[in-house]
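Single-structure report; data block below.
Below, read A as the first sequence line, B as the second, and so on, with proteins coming before strands; counting in each chain starts at 1. Hydrogens, waters and symmetry mates play no part in the numbers below; they use all other heavy atoms, side chains included.
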Protein chains: 2
Amino acid sequence: MIKYSPFEGLTSGETAEIRSCLCPIEKIYGKGDIIMQFSDKDRNLGLVDSGTAYLIRIDIDGNRSIIDYYESGDVFGKMLAPESEIDAYYILAKEKCRISFFNYDKLLSKCKNNCIKHTVLLNNLLMLTLKKAQMHIDILSQRTTRQKLITYFDYQRNKNLSDTFTLPLSLSDLSDYLSIDRSAMMREIRNLKEDNLISADGNRFTLKNSRYTYADC
Amino acid sequence: MIKYSPFEGLTSGETAEIRSCLCPIEKIYGKGDIIMQFSDKDRNLGLVDSGTAYLIRIDIDGNRSIIDYYESGDVFGKMLAPESEIDAYYILAKEKCRISFFNYDKLLSKCKNNCIKHTVLLNNLLMLTLKKAQMHIDILSQRTTRQKLITYFDYQRNKNLSDTFTLPLSLSDLSDYLSIDRSAMMREIRNLKEDNLISADGNRFTLKNSRYTYADC
DNA sequence: AATTACCTGTTGCATTTGCAACAAAAATAA
DNA sequence: TTATTTTTGTTGCAAATGCAACAGGTAATT
């Protein structure tokens, strides 16, 4: 499985060069802070240095969904976000976060050195965001709660290269990300345990069906 | 609402230049033909000149889902497609299609003229695919059949700039794209009619709730 | 240390959704 | 044309899911 990152295909020297060329601004956010609101004025792109954050959608009826989540190395911004005239989207700090903000007018323009590295970076950002979106579609398009859970767990297994892994989300938030009722999800997790397909201790899970292992990748 | 297209931001002259530079190969497919299978050998990117095609997923249990669909101007290819070791993905011609294939090694490499247009094209392709994926997530993350339908119809209204529009999918295929049971979907469409929120004749629909119109965009 | 807020886990019950099956209509092929 | 396949539309029933409410545990805050 290919791991996509913003600086994929760039050496650490080039990465440093881009960083100094684009001179990002670092900010710290506390739990529950709103990091970005996607107003027209906001010409920044956020790179998560540490902590976790959510992309939240509030729809016309006030329902809250977790559309995406960001861990260290993930990136967000208006350019990469869904647009809507109806729903509100914002980035929420789930825990204390350190974020580097890049001005993306600088990112989009050619720099003095006429280097194509900006473009490589831009492509990486788009590809990274696309792959996460495709993963989410893969999960959401599963027909049952059970299949949504198993598909999500399978991605976690591949990401962690281990049958045992700790969820990056609380169970409560996971149900939001999977777009299912929390109590129904808890019920199905119990069923999966009873069917001996998983075991779990808190939010540390082990996938027991070994038909397809991360080693197959 | 911004309309994304592969050649967005390029003049018709530049578009022609790219086409001649990349010299795409045109092919015609009949209804039901498999256009692309995402094998490693396939280094092509397909642009739909006419007709419609689907991105199909067949999961481990044999279930078929429509993950994406392509109309004139849309683009597909291994680079833009989900990857999976478990599920099979392929592009299926829904009706007679004319497709232009671009070699994307050529696309990714700099051309002799050192033009950045290839890169613009690449960014457009990624952005186009991302926006479609985000739309799909927006729809699939709706909790009820009713909300999935209304959200989908709303996108169609915006795309067509009219409260009345013809679906680009058959109702049968729409249920696959929305990941819901067809009969349940038919039942909910009937309910929507009875609640006077929509009217429909065949697969020509009119959205009657005018809280938010395309004019607001 | 005490208080508060949040998260986990559970249950009964109502509602929604999926499943299976069928008939009619429409589109496609022979 | 006629035959065949696909799509639409419907229904009864079973199963899955959502809703509301609550209790206990854990983490965060004062």
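No side-chain heavy atom of A/Asp59 sits less than 4.5 Å from a side-chain heavy atom of A/Ser65. In this structure the side chain of A/Tyr69 never reaches within 4.5 angstrom of the side chain of A/Thr52, judged on heavy atoms. Taking 4.5 Å as the limit, every side-chain heavy atom of B/Ile180 sits out of range of all side-chain heavy atoms of B/Glu188. A/Asn44 places a side-chain heavy atom less than 4.5 Å from the side chain of A/Asn103.
Reading DNA chain D from its 5' end, the first and the last nucleotide to sit under 4.0 Å from a heavy atom of chain B are D/dT7 to D/dG12.
Other residues, nucleotides and ligands contribute at most 12 non-hydrogen atoms within 6.0 Å of the CG atom of B/Asp201.
Residue B/Glu188 contributes atom CD, which lies 15 Å from atom P of C/dT15 at whole-angstrom precision. When rounded to the nearest whole Å, the span between CD of B/Gln147 and C1' of C/dT15 equals 16 Å. Taking atom CG of residue A/Leu169 and atom P of nucleotide C/dC7, one finds them 11 Å apart after rounding to whole Å. We find that CG of A/Asp173 is positioned 6 Å from P of C/dC7, with the value rounded to whole Å. Atom CD1 in A/Ile180 sits roughly 19 Å away from atom P in C/dT16 (whole-Å rounding). Straight-line distance from the CG atom of A/Asp176 to the P atom of C/dC7: 10 Å, rounded to whole Å. Here the P atom of nucleotide C/dT8 and the CZ atom of A/Phe205 are 9 Å apart, to the nearest Å. Rounded to whole Å, atom C1' of C/dT17 lies 14 Å from atom CG of B/Leu178.
Under the 4.0 Å criterion applied to side-chain N and carboxylate O atoms, B/Arg146 and B/Asp195 are assigned as salt-bridge partners.
Of the two residues contacting DNA chain C, namely A/Gly202 and A/Arg187, the nearest-nucleotide position lying further toward the 5' end is that of A/Gly202. Between A/Thr144 and A/Arg182, the residue anchored closer to the 5' end of DNA chain D is A/Thr144, taking for each the nucleotide with the nearest heavy atom. Taking for each of B/Met185 and A/Ala184 the nucleotide of DNA chain C with the nearest heavy atom, the 5'-most of the two is the partner of A/Ala184.
Note: A/Tyr70 and A/Phe76 meet the aromatic proximity criterion, with ring centroids under 6.0 Å apart.
Within the nucleic acid shown, A/Thr145 comes within 4.0 Å of sugar-phosphate atoms alone, with no base atom in reach, counting heavy atoms only. Among the heavy atoms of the strands lying under 4.0 Å from A/Lys94 are primed sugar atoms or P, OP1, OP2 only; no base atom is included.
Evaluation of atom-type donor-acceptor distances gives no pair under 3.5 Å for the side chain of A/Ser170 against the base of C/dC6.
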